[in-house]
Amino acid sequence: MSIYDTLNEEQKRAVEHNKGPLLILAGAGSGKTRVLTHRIAYLMEKRGVNPWNILALTFTNKAAGEMRERVDNIVGYGSENIWVSTFHSTCVRILRRWIDTLGYDKGFTIYDSDDQKSLMREVCKYLQIDTKNLKERSLLSVISSAKDELITPEEYELRAVGDFTKQKYASVYKEYQKRLKSNNALDFDDLIFKTTELFQTSKEALTYYQRRFQYIMVDEYQDTNTAQFRLIKLLSDGINEEGSREHNLCVVGDDDQSIYKFRGANIFNILNFEKEYPQAKVIKLEQNYRSSKRILEAANEVIANNVGRKDKALWTDNSEGDPVRFTQFDRDSQEAESIVNEIAQNVQAGEDSYQDFAILYRTNAQSRIFEEKLVVKGIPYKIIGSINFYARKEVKDLLSYLKTIGNGLDSLAVKRIINIPKRGIGLATIDKVEEYAIGNGISFYEALRQADYIPGLQRAAAKISSFVSLIEILKSKIARPDYSISDLLEEIIEATGYIEDLKGQELENEDDRIEIIGELKSKIVAFEEAALEPPSLSDFLEEVALVSDLDNLAEDNNVVVLMTLHSAKGLEFPYVYLCGMEEGIFPSYMSIHAEDPETEIEEERRLCYVGITRAMKHLSLSACSQRMLRGETQFNRPSRFIREIPRYLLTMEQNPYNSNPFRSNSHASLVPEFNSRLQPAGVSRPAPGSFKGGANGSNLSASGIFDKNKNFTQAPKEFGGNNLGTIDYGIGDTVSHIKFGVGLVTNINNAGRDYEVTVDFSTAGTKKMMASFAKLKKLS
DNA sequence: TGCGTGATTGTTTTT
DNA sequence: CAATCACGCA
């Protein structure tokens, strides 16, 4: 029996597809990584393709690492010659070799978003742009979108004619790009952009890679942006020995999981693949191997509310599974505590371990309260993505030393550390040096070396030269072949007295900070040990620039993981808690109030689909009627996505913390149908001592229970009353249900604002349901 | 130059 | 509730 026999029919067809473009529409959990890895194996084993000629592109290092590992496992030999890497690393690798043709130095550094912001700050200062009105972040996002669309500063300027704001953006973009170049630095978007630029200017480079990459695979194709699309297209446009274009391009994606529009992802890349390549073969993978029937159905029902999707229907042979749970809490603290307690109980019961649980949320800020509760309970956990390790202050400081030593042209790094620890070199001095540097067309560091010639420095000049000689000494040391990066770091800490300085500052979390430095040391050591030959400083800096939090997930083994829905894509967990299912949180306030809410809500819905389909066995959704967000209390109604899940798939619970639901402080109804009109979630910014505004447009005003204009302090009291509608059936009556047909009412419970009715259906079995959802009709 | 204070202000998601 | 910023003082 061969390894290919374990594949289903469609998977097999995808794996065995011969030449020409192939689009694999792979639903969530349909085994797409399996198909990709088996296809690579198949190409090598059965079609004699040289591993050297295969390129597999992913978006995250984690995905790349997984694919590499799985390929290694099924391919006997030669797998190390396959290029399996992220778009960004691939581009870095190419640029390291060729970027001099674009006028950059091959030792370029990569700027992260903090660096970008610092640089943009300088640009704004230089161009005298008031960053009160135009924030650095928004300018950067304009530039980022331009780069995603492969628009150069010059083109941007051309398009900006007659538009004052755009002309301003154009000048910012130009200056920003100029400074990046003089710092010999590239930002994330440049990595892709410059690679396409390289391929368009250097026939030699393009031909080289076209010849090399005769088979190209792209994972998560729905997330590609225009620049990435162009890159793939250029690479796959090569001519084979017979002189024809084969386009051996295999892309895998799921339009329903396209969640990176904000980052420039162009969903038409996947929707129009067949137009771009009319000869393309399309294969759909619709069998899900991950989730229970109920979870999958919930996901299908939610995503069905989107229009303009590629037609597909996911199904599974897995068991029915437990119902999906929805719990409505009063407060975010209760939500967190309840979830954390539940995880603790489950683990204590012995069936499951911490790593089986994931807590997913829309925004990073929501992790905080969970962290609090997890710490109290002593549960091991890992929060992905909130702050990247390499973005920590201490780490950035020390890395800036490394960068300064490795690439003196990176002025940002030099400026960052010139006064860390304090050397008495202040802003005024830096400005003078900067002026001199610009005036003489030299780098900032070069200007520092000439400090003696800079007018007006006086005492600072001596301080600068001692800094320069420190760097120079370190530079000469790293040139020695036996001197490692970890030695260098050690030396930097020693020579600068960095740790002593840290201790001297008497910060409250001093120990954490020192521990972080230790962690950096061990990461460097690990990097050096993993390398086949002694890595260079720039190798390490490159690794650091491209690694994300998520990539290290496998390092911590048995922990509960917390992350955003975006980060969760591609992962799976037996238990998934999808929390903060509230209007204004998820879907986000931004999407509800966007210029084009329809489109934005669809993206949120895809995100919800991604979240639901992460769950294998147990899915628990929750919302809070009251939530603290950045120092203010929000009152939110349950998310519309809850309502999109059919009732018969859900069990609902309300305020488990209140034994008496009538005393609940809840301001939002559990019953989504109750608020038939969708309106913005209410946010109050109360003046001290007085609540005003409030749950505008919520069910409460709609129901007439209280008026928008009334004070909130009074509202909860008034809301004590019950909303129980009347039901015209009782225990023992026969009723009919729209989906389940005819059944016998066996029990009715008062569940706070609603009745929970238990019905014994002749065909569908016994179901518990909320009276207001079930719309039961009395028959006798 | 550097530090402390109070005020202001912000919010999605990330390679 | 943060993080950032302007301002004033040593």
Side-chain angles (χ1 to χ4, degrees), chain A residues 57-64 85-92 110-114 116-117 121 131-132 135-138 140-141 144 147-148 186-192 219-220 223-225 227-228 258-265 332 360-369 372 384-388 390-391 393 419 421-431 458-460 463 505 545-551 563-570 580 584-594 600-601 603-604 606-608 610-611 627-634 683 685:
Chain A
L57 291 169
T58 65
F59 275 86
T60 66
N61 292 301
K62 186 171 191 293
S85 79
T86 66
F87 274 96
H88 295 270
S89 325
T90 301
C91 289
V92 171
I110 301 161
Y111 276 1
D112 67 14
S113 56
D114 283 344
Q116 285 180 283
K117 204 179 160 195
R121 191 168 295 172
T131 50
K132 272 234 164 74
K135 281 148 285 167
E136 290 97 341
R137 284 259 177 264
S138 47
L140 282 168
S141 89
S144 175
K147 288 182 179 178
D148 287 344
L186 302 185
D187 65 19
F188 278 124
D189 303 313
D190 278 342
L191 295 176
I192 317 286
D219 194 12
E220 307 281 14
D223 289 335
T224 52
N225 62 30
Q228 286 155 338
S258 161
I259 55 174
Y260 282 111
K261 189 164 157 250
F262 72 95
R263 194 169 76 182
D332 48 357
L360 308 182
Y361 36 76
R362 178 67 238 269
T363 66
N364 282 308
Q366 289 167 255
S367 67
R368 215 171 170 276
I369 189 133
E372 218 172 84
I384 307 287
S386 47
I387 354 115
N388 189 334
Y390 292 105
K393 185 185 176 298
N419 205 28
K422 298 267 182 301
R423 299 188 174 87
I425 303 172
L427 254 164
T429 308
I430 291 174
D431 280 347
Q458 293 129 13
R459 278 163 301 146
K463 292 171 183 164
Q505 291 175 36
L546 297 176
V547 82
S548 81
D549 231 14
L550 195 59
D551 304 328
M563 66 184 113
T564 62
L565 289 158
H566 282 90
S567 299
K569 190 160 70 149
I585 301 286
F586 188 33
S588 74
Y589 183 84
M590 296 293 261
S591 63
I592 297 171
H593 296 281
E600 306 260 328
I601 296 281
E603 175 122 338
E604 297 279 308
R606 289 194 289 271
L607 195 52
C608 183
V610 167
R627 163 183 304 278
M628 264 299 248
L629 203 62
R630 53 175 192 273
E632 71 193 7
T633 307
Q634 281 198 349
V683 178
R685 201 190 253 279

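So you know, we letter chains A, B, ... as the sequences are listed, proteins then strands, and number each from 1. All of these numbers come straight from a predicted model, not from anything done at the bench.
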[X] [atom1] to [N] [atom2], straight-line distance once rounded to whole Å:
| X | N | atom1 | atom2 | value |
| --- | --- | --- | --- | --- |
| A/Lys261 | B/dT14 | NZ | P | 17 Å |
| A/Asp189 | B/dT15 | CG | C1' | 9 Å |
| A/Asp431 | B/dT1 | CG | C1' | 13 Å |
| A/Asp223 | B/dT15 | CG | C1' | 10 Å |
| A/Lys135 | C/dT4 | NZ | P | 15 Å |
| A/Asp112 | B/dT14 | CG | C1' | 12 Å |
| A/Asp148 | B/dT14 | CG | P | 16 Å |
| A/Glu220 | B/dT15 | CD | C1' | 12 Å |

task = Tell me which of A/Ala428 and A/Glu600 sits closer to the 5' end of DNA chain B, going by the nucleotide each one is nearest to.
result =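 It is A/Ala428, whose closest nucleotide lies nearer the 5' terminus.
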ask   = Between A/Gly426 and A/Met590, which is nearer to the 5' end of DNA chain B once each is assigned its nearest nucleotide?
value =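 Checking each residue's closest nucleotide, the 5'-ward one belongs to A/Gly426.
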Counting the atoms with a prime plus P, OP1 and OP2 as sugar-phosphate, which does [X] contact under 4.0 Å by heavy atoms, base, sugar-phosphate, or nothing?
| X | value |
| --- | --- |
| A/Thr86 | nothing |
| A/Ser591 | nothing |
| A/Arg137 | nothing |
| A/Ser113 | nothing |

message = Classify the ring geometry of A/His88 against A/Phe188: parallel below 30°, tilted from 30° to 60°, perpendicular beyond 60°.
response =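 Rings of A/His88 and A/Phe188: perpendicular, over 60°.
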ask   = Parallel under 30°, tilted from 30 to 60°, perpendicular over 60°: which one fits the rings of A/His566 and A/Phe262?
value =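 Correct class here is perpendicular.
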task = Please say which of A/Arg606, A/Lys261, A/Arg263, A/Lys569 ends up in a salt bridge (Lys or Arg N to Asp or Glu O under 4.0 Å) with A/Asp223.
result =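 Filter result, single survivor: A/Lys569.
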query = Between A/Glu136 and A/Arg121, is there a side-chain N and carboxylate O pair less than 4.0 Å apart?
reply =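 Salt bridge: yes.
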ask   = Is a salt bridge present between A/Lys147 and A/Asp190, judged by a nitrogen-to-oxygen distance below 4.0 Å?
value =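 Judged by the 4.0 Å cut-off on N to carboxylate O distance, A/Lys147 and A/Asp190 do form a salt bridge.
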With the side chain of [X] defined as its heavy atoms from C-beta on, choose the nearest nucleotide among [options].
| X | options | value |
| --- | --- | --- |
| A/Thr564 | B/dC3, B/dT13, C/dC5 | B/dT13 |
| A/His566 | B/dC3, B/dT14, B/dT15 | B/dT14 |
| A/Thr429 | B/dT1, B/dT12, B/dT14 | B/dT1 |

query = Is the aromatic ring centre of A/Phe87 closer than 5.5 Å to the centre of the six-membered base ring of B/dT15, with the two planes inclined by less than 30°?
reply =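 It does not: the ring fails the test against the base of B/dT15.
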ask   = Going by 5.5 Å between centroids and 30° between planes, is there a stack of A/Phe59 over B/dT15?
value =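 No, the aromatic ring of A/Phe59 does not stack with the base.
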Tell me whether the side-chain N/O atoms of [X] come closer than 4.0 Å to OP1 or OP2 in [N].
| X | N | value |
| --- | --- | --- |
| A/Ser588 | B/dT13 | no |
| A/Asn364 | B/dT12 | no |
| A/Asn419 | B/dT1 | no |

request  = Answer yes or no: is there a side-chain heavy-atom contact under 4.5 Å between A/His593 and A/Glu600?
outcome  =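 No. Closest side-chain heavy atoms not under 4.5 Å.
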